J.: 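What follows is a structure written as structure tokens; I'll ask about it next.
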Amino acid sequence: MIGMIITGHGNFASGLTSSAEWFIGNLDDCVTVDFHIQDAPEVFYDHLLATVEFLSYCDSIIVLSDLVGGVPFQLSAQIANEKKNMQVVGGTNMGMLIEIAVARQEEGMTVEKLADIAVQIGQQQVAKFNFDEVKDDEENKI
């Protein structure tokens, strides 16, 4: 099994996880690590490291972080650099989390492949509403 850590600033991790569970149910082998404004980076690092150790029964771990380059991303990458079978992805969104939560259970899935899928899905989930298409659809209705 591929374990998951969801992390980010404020209540990003716990909020995103709560929302994803609304759609797909309980996320097994998944732990959230929120980075609050009052948390010192060293304390957050220790909490993150303890979470990685807690998930050590998993074959590998993927960390989904809110911002590329933010403290949660940087410290997760630092830990992943020292561990085996761990990937870190930044820019996490709801669509990405839901897809990854399901895809990680597929037979033969690796954490490297899962990280690639996360990036692809995350990019596909960003779009803007096109008002012109709605207007065209309304004009074509009989």
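In this text the structure is predicted, and so the values were computed from the model without any measurement. Positions are given from 1, in the same order as the sequence printed here.
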J.: To check you understand the geometry: which heavy-atom pair defines the closest contact between Val33 and Phe44, and what is its length?
T.: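 Scanning both residues, the minimum pair turns out to be CG1-CE1, 3.4 Å.
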J.: Hey, does the side chain of Gln87 reach the backbone of Val111 with a donor-acceptor pair shorter than 3.5 angstrom?
T.: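 Absent.
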J.: Could you tell me whether the side chain of Ser18 and the main chain of Ser14 form a donor-acceptor pair under 3.5 Å?
T.: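 It does not hold such a pair.
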J.: Can you list the residues that meet the salt bridge (charged side-chain N to carboxylate O under 4.0 Å, His left out) rule with Glu42, with sequence neighbours excluded?
T.: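 Checked Glu42 against salt bridge (charged side-chain N to carboxylate O under 4.0 Å, His left out); zero matches.
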J.: For His9 versus Gly70, what's the shortest heavy-atom pair and its separation?
T.: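 Closest heavy-atom pair between His9 and Gly70: CE1-CA, 4.1 Å.
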J.: Any donor-acceptor pair under 3.5 Å linking the side chain of Asp34 with the backbone of Ala13?
T.: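 Confirmed, Asp34 side chain pairs with Ala13 backbone.
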J.: With hydrophobic residues grouped by side-chain heavy-atom distances under 4.5 Å, do Val89 and Ile61 end up in a single group?
T.: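 Hydrophobic grouping puts Val89 apart from Ile61.
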J.: Checking side chain to side chain contact (heavy atoms under 4.5 Å, CB included) for the pair Ile117/Glu99: CA distance, chi angles, key distance, verdict?
T.: CA-CA 9 Å; Ile117 293 169; Glu99 291 287 335; 5.5 Å; no
J.: Do any N or O atoms from the side chain of Ser76 and from the backbone of Val88 form a donor-acceptor pair under 3.5 angstrom?
T.: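 No: the side chain of Ser76 does not pair with the backbone of Val88.
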J.: Measure the CG-CD1 distance between Leu97 and Ile121 for me, rounded to the nearest 0.5 Å.
T.: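 These two atoms lie 12.0 Å from each other.
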J.: State the SG-CD1 distance between Cys30 and Ile62, to the nearest 0.5 angstrom.
T.: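 Reported value, rounded in 0.5 Å steps: 11.0 Å.
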J.: Can Leu27 and Thr17 be said to form a side chain to side chain contact (heavy atoms under 4.5 Å, CB included), step by step?
T.: CA-CA 8 Å; Leu27 297 176; Thr17 301; 3.8 Å; yes
J.: Restricting to pairs with a member in residues 104-125, which pass side chain to side chain donor-acceptor pair (under 3.5 Å), not counting sequence neighbours?
T.: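 Qualifying pairs: none.
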J.: Assigning hydrophobic clusters by single linkage (Ile, Leu, Val, Met, Phe, Trp, Tyr; side-chain heavy-atom cutoff under 4.5 Å), is Val63 placed with Val119?
T.: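 No, it is not one cluster - the side chains of Val63 and Val119 are not joined through contacts under 4.5 Å.
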J.: Of all the heavy-atom pairs spanning Pro41 and Leu75, show the shortest one and how long it is.
T.: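 In this case the closest contact between Pro41 and Leu75 is O-CD1, 3.6 Å.
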J.: Under 4.5 Å between side-chain heavy atoms, counting indirect links through other Ile/Leu/Val/Met/Phe/Trp/Tyr residues: same cluster for Met1 and Leu64 or not?
T.: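 No; Leu64 is not reachable from Met1 via cluster members.
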J.: Are the side chain of Thr7 and the backbone of Ser65 linked by a donor-acceptor contact shorter than 3.5 Å?
T.: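 No, because the side chain of Thr7 does not come within donor-acceptor range (under 3.5 Å) of the backbone of Ser65.
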J.: Taking atom CD of Gln74 and atom CD1 of Ile79, what is their separation to the nearest 0.5 Å?
T.: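 It is 12.5 Å, given to the nearest 0.5 Å.
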J.: What about Val102 and Ile2, same hydrophobic cluster or not, with Ile/Leu/Val/Met/Phe/Trp/Tyr joined at side-chain heavy-atom distances under 4.5 Å?
T.: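 No; Ile2 is not reachable from Val102 via cluster members.
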J.: Could you check Leu55 against Val31 for side chain to side chain contact (heavy atoms under 4.5 Å, CB included), going step by step and ending with a plain yes or no?
T.: CA-CA 8 Å; Leu55 289 172; Val31 180; 4.2 Å; yes
J.: Would you check, one step at a time, whether the test side chain to side chain contact (heavy atoms under 4.5 Å, CB included) holds for Gln78 with Asn81?
T.: CA-CA 5 Å; Gln78 184 178 338; Asn81 191 45; 5.8 Å; no
J.: Taking all heavy atoms of Phe12 and all of Thr92, pick out the closest pair and write down the distance.
T.: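 Heavy atoms of Phe12 and Thr92 come nearest at CZ-O, 3.5 Å.
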J.: Working to the nearest 0.5 angstrom, can you tell me the gap between Phe54 CZ and Ile5 CD1?
T.: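 Output value for this atom pair is 10.5 Å.
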J.: Got a sec, which pairs hit side chain to side chain donor-acceptor pair (under 3.5 Å) with one end in residues 43-61, sequence neighbours left out?
T.: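 Non-adjacent pairs meeting side chain to side chain donor-acceptor pair (under 3.5 Å): Asp29-Tyr57, Glu53-Lys83.
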J.: Is there a path of hydrophobic side-chain contacts, each under 4.5 Å between heavy atoms, that joins Met96 and Leu67?
T.: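 No; tracing contacts between hydrophobic side chains, which count when under 4.5 Å, never links both residues.
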